[in-house]
**Q** 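I'd like to ask some things about the structure below.
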Amino acid sequence: MNSSSYSPSCDYHLKGFDFPEWRPNFLTNEMSVALISVTIVNLLVSPLTIFLNVLVILAVKTTPQLRDKYNALLAYLAGTGIMTGALGQPLFIAEQIYRLTGSPASEFCGIPLAARHFIGTSLTSSLLHLTLISIERYISIKFPFNYHDIVTKRRLIVSVLLSWSLSGFPMILFFFYENDVLRFILSLVTKFLSISILIFCRIATYYEARHQMRKYRAQQISSVASATFLNERKAFKTTTFVIGVVLLGYIPIALFKVVFALLISLPETFLAIESFILTLLFCNSVFNPVIYCARSREYRRAFKKLLRRANYVQPV
């Protein structure tokens with residue numbers, strides 16, 4: 001993309017991100033419609049994202065049937081969704097509102113920087129959590145009898161803390177060491193390793209589940225063991241749906257940055273398309289609880305119970 005004709009007035013212009021600086025003259029009628037549209041969508045989706053992901057955490061906490069290590073990881077993933085709805089989307093909304101007022105980038109240049117740093121952190125955090133879930137599902141299918149010895153509560157907590165640390169490290173590094181190349185390499189390596197492990201675990205778990213199914217059909221196994229395996233297999237399919245939806249949200253932004261951004265010559269067109277794609281990316285966090293509810297009877301019951309309990313609370 002050609003942005004050489006734009007002299008930066010914002011200290012954060014192009015600082016680690018390849019997007020043009022906002023100019024008041026970009027605010028045409030078409031741009032106003034685009035910005036108002038994405039602002040309204042994000043204003044609606046943001047509280048819904050927080051609400052549904054809080055429901056997931058409360059469901060896992062209050063429902064005995066959901067108090068296992070797999071659902072604990074889903075609850076940690078819901079925490080990422082809450083941060084997206086409570087921090088990422090408000091920053092993005094503020095950026096669009098500043099643009100709609102016709103303000104120059106120099107008046108709000110810290111907002112897009114913070115929003116895009118948070119988007120990168122959220123993306124890495126989601127990938128790492130999904131990777132942990134994929135590893136946990138692989139172990140549950142591959143080593144059903146040694147699962148509780150391998151996946152301990154302590155290891156689970158350490159893994160989650162490590163994933164949060166790895167996802168937030170590039171953003172923390174930004175404030176102490178302004179080296180865009182180093183941050184880019186760290187972020188790229190983390191994402192590449194996460195996606196590689198995730199894909200391996202998905203494929204390996206799929207073939208292991210088929211192998212286990214054929215073995216169980218050929219042998220006489222107890223009804224309890226059969227039910228346990230079917231539950232693990234259903235959880236694997238649920239995770240696959242979640243990963244699929246996440247990838248559907250992240251593929252457009254990846255293609256946009258790598259391919260289409262180089263073909264767009266008008267900065268206002270770039271900014272409009274980027275706003276729509278980032279909105280799609282933010283909407284990912286609201287889909288996960290919907291998938292849990294659609295795939296799990298326990299989640300549906302827990303959500304209904306929590307909502308009924310909330311209705312019983314009378315205002316003071």
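Bear in mind that the values here come from a model prediction, so they are computed numbers and not experimental data.
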**Q** Say whether Tyr76 and Val242 are linked into one hydrophobic cluster, either directly or through other cluster members, by side-chain heavy-atom distances under 4.5 angstrom.
**A**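 Same cluster.
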**Q** Going through the distances and angles, do Tyr292 and Asn71 end up as a side-chain hydrogen bond (donor to acceptor under 3.5 Å, both in side chains)?
**A** CA-CA 10 Å; Tyr292 307 154; Asn71 288 294; over 6 Å; no
**Q** Check whether more than 12 heavy atoms from other residues, nucleotides or ligands sit under 6.0 Å from atom OH of Tyr98, and answer yes or no.
**A**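 Not buried by this count: 12 neighbours or fewer within 6.0 Å.
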**Q** Examine Ile111 and Ile97 and state if one hydrophobic cluster contains both, with Ile, Leu, Val, Met, Phe, Trp and Tyr joined whenever side-chain heavy atoms are less than 4.5 Å apart.
**A**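 No, because Ile111 and Ile97 fall into different hydrophobic clusters, even though each may have its own neighbours under 4.5 Å.
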**Q** Any idea which heavy atoms bring Arg155 and Ser159 closest together, and the distance?
**A**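 Minimum heavy-atom separation between Arg155 and Ser159: O-OG, 2.8 Å.
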**Q** Return the CG to CG distance between Leu48 and Asn42, rounded to the nearest 0.5 Å.
**A**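 Rounded to the nearest 0.5 Å, the CG-CG separation comes out at 12.0 Å.
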**Q** Has Trp22 got a side-chain atom pairing as donor or acceptor with Gly102's backbone, closer than 3.5 angstrom?
**A**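 No, the answer is negative, given that no donor and acceptor are paired below the 3.5 Å cut-off.
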**Q** Parallel, tilted or perpendicular: which describes the rings of Phe143 and Tyr138, with under 30° parallel and over 60° perpendicular?
**A**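 Phe143 vs Tyr138 ring planes: perpendicular.
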**Q** Do we get Arg137 above Tyr70's six-membered ring, with its NZ or CZ under 6.0 Å from the centre and within 45° of the axis?
**A**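 Because its charged atom sits under 6.0 Å from the ring centre and within 45° of the axis, Arg137 does stack over Tyr70.
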**Q** Tell me, do Glu30 and Glu268 make a side-chain contact under 4.5 Å, heavy atoms counted?
**A**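 In short, these two side chains do not touch, never coming nearer than 4.5 Å.
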**Q** Looking at side-chain heavy atoms only, is the closest gap between Thr49 and Ile82 below 4.5 Å?
**A**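 Contact flag for Thr49/Ile82 side chains = no.
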**Q** To the nearest 0.5 Å, tell me how far Leu100 CG sits from Ile36 CD1.
**A**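 The CG atom of Leu100 sits 5.5 Å away from the CD1 atom of Ile36.
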**Q** Which value, rounded to the nearest 0.5 Å, describes the distance between Leu198 atom CG and Leu127 atom CG?
**A**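 Output value for this atom pair is 7.5 Å.
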**Q** In terms of hydrophobic clustering (I, L, V, M, F, W, Y; side-chain heavy atoms under 4.5 Å; direct or indirect links), are Ile40 and Met31 co-clustered?
**A**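 Same hydrophobic cluster.
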**Q** Do Ser167 and Thr121 have side-chain N/O donor and acceptor atoms under 3.5 Å apart?
**A**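 No, Thr121 and Ser167 have no side-chain donor paired with an acceptor closer than 3.5 Å.
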**Q** Run Val160 and His129 through side chain to side chain contact (heavy atoms under 4.5 Å, CB included) and show every step you take.
**A** CA-CA 7 Å; Val160 171; His129 278 79; 4.0 Å; yes
**Q** Could you check whether any side-chain N or O of Arg99 sits under 3.5 Å from a backbone N or O of Leu27, counting only pairs where one atom can act as donor and the other as acceptor?
**A**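 No.
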**Q** Quick check against the 3.5 Å criterion: does Lys142 have a side-chain atom that pairs as donor or acceptor with the backbone of Glu208?
**A**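 Here the side-chain-to-backbone pair does not exist.
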**Q** So which heavy atom on Glu95 is nearest to which on Pro112, and how close?
**A**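 Of all heavy-atom pairs spanning Glu95 and Pro112, the closest is OE2-CB, 3.5 Å.
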**Q** Could you tell me if the side chain of Pro289 sits less than 4.5 Å from the side chain of Leu55, heavy atoms only?
**A**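 In short, these two side chains do not touch, never coming nearer than 4.5 Å.
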**Q** Go through the side-chain N and O atoms of Ser122 and Thr84 and say whether any donor and acceptor fall under 3.5 Å apart.
**A**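 Indeed, the side chains of Ser122 and Thr84 share at least one donor-acceptor pair under 3.5 Å.
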**Q** Just do the side-chain hydrogen bond (donor to acceptor under 3.5 Å, both in side chains) check on Glu298 and Ser296 with the steps written out, would you?
**A** CA-CA 5 Å; Glu298 286 78 14; Ser296 171; 3.3 Å; yes
**Q** Between Arg23 and Pro104 (side chain of the first, backbone of the second, donor and acceptor by atom type, cut-off under 3.5 Å), is there such a pair?
**A**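 Here the side-chain-to-backbone pair does not exist.
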**Q** Between Leu161 and Leu77, is there a shared hydrophobic cluster once you connect ILVMFWY residues whose side-chain heavy atoms come closer than 4.5 Å?
**A**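 Result: yes, single cluster for both.
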**Q** Report yes if some heavy atom in the side chain of Phe26 is under 4.5 Å from a heavy atom in the side chain of Thr269; otherwise report no.
**A**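 They are not in side-chain contact.
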**Q** If I compare all heavy atoms of Ala59 with all of Leu306, which pair ends up nearest, and what's the gap?
**A**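 Ala59 and Leu306 have their closest heavy atoms at N-CD1, 3.7 Å.
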**Q** Can any side-chain N or O of Asn53 pair as donor or acceptor with the backbone N or O of Thr80 at less than 3.5 Å?
**A**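 Between the backbone of Thr80 and the side chain of Asn53 there is no qualifying donor-acceptor contact (under 3.5 Å).
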**Q** Is any side-chain heavy atom of Trp164 less than 4.5 Å from a side-chain heavy atom of Leu128?
**A**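 They are not in contact (no side-chain heavy atoms under 4.5 Å apart), so the answer is no.
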**Q** If the plane angle is over 60° it's perpendicular, under 30° parallel, otherwise tilted; pick one for Phe92 and Phe282.
**A**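 Phe92 and Phe282: tilted rings.
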**Q** Start with the C-alpha gap between Lys61 and Arg67, add the side-chain angles, then the distance that decides, and say whether side chain to side chain contact (heavy atoms under 4.5 Å, CB included) holds.
**A** CA-CA 7 Å; Lys61 183 177 179 61; Arg67 291 177 190 167; 5.9 Å; no
**Q** Quick one: CG on Leu91 to CD on Gln89, what's the gap to the nearest 0.5 Å?
**A**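 One gets 10.5 Å once the value is rounded to the nearest 0.5 Å.
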**Q** Output the distance between atom CD1 (Ile139) and atom OH (Tyr147), rounded to the nearest 0.5 Å.
**A**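 Between Ile139 CD1 and Tyr147 OH, I get 8.0 Å after rounding to 0.5 Å.
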**Q** Ser46 side chain to Gly85 main-chain N or O, any donor-acceptor pair under 3.5 Å?
**A**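 Side chain of Ser46 to backbone of Gly85, a donor-acceptor pair under 3.5 Å: yes, one is there.
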**Q** Is it true that, when you exclude Arg301 itself, more than 12 heavy atoms of the residues, nucleotides or ligands shown sit nearer than 6.0 Å to its CZ?
**A**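 It does not: Arg301 CZ has 12 such atoms or fewer within range.
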**Q** When rounded to the nearest 0.5 angstrom, what distance separates OG in Ser134 from CD1 in Ile197?
**A**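 Taking OG in Ser134 and CD1 in Ile197, the distance rounds to 10.0 Å.
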**Q** Indicate, with yes or no, if Leu280 and Leu44 share a hydrophobic cluster defined by side-chain heavy-atom contacts under 4.5 Å among Ile, Leu, Val, Met, Phe, Trp and Tyr.
**A**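 Hydrophobic grouping puts Leu44 apart from Leu280.
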**Q** Ignoring hydrogens, what is the shortest heavy-atom contact between Ala302 and Thr63? Give both atom names and the distance.
**A**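 For Ala302 and Thr63, the tightest heavy-atom pair comes out as CB-OG1, 3.3 Å.
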**Q** Taking atom CZ of Phe276 as the centre, does the number of heavy atoms from other residues, nucleotides or ligands within less than 6.0 Å exceed 12?
**A**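 Yes, CZ of Phe276 has more than 12 neighbouring heavy atoms, counting only those of other groups under 6.0 Å.
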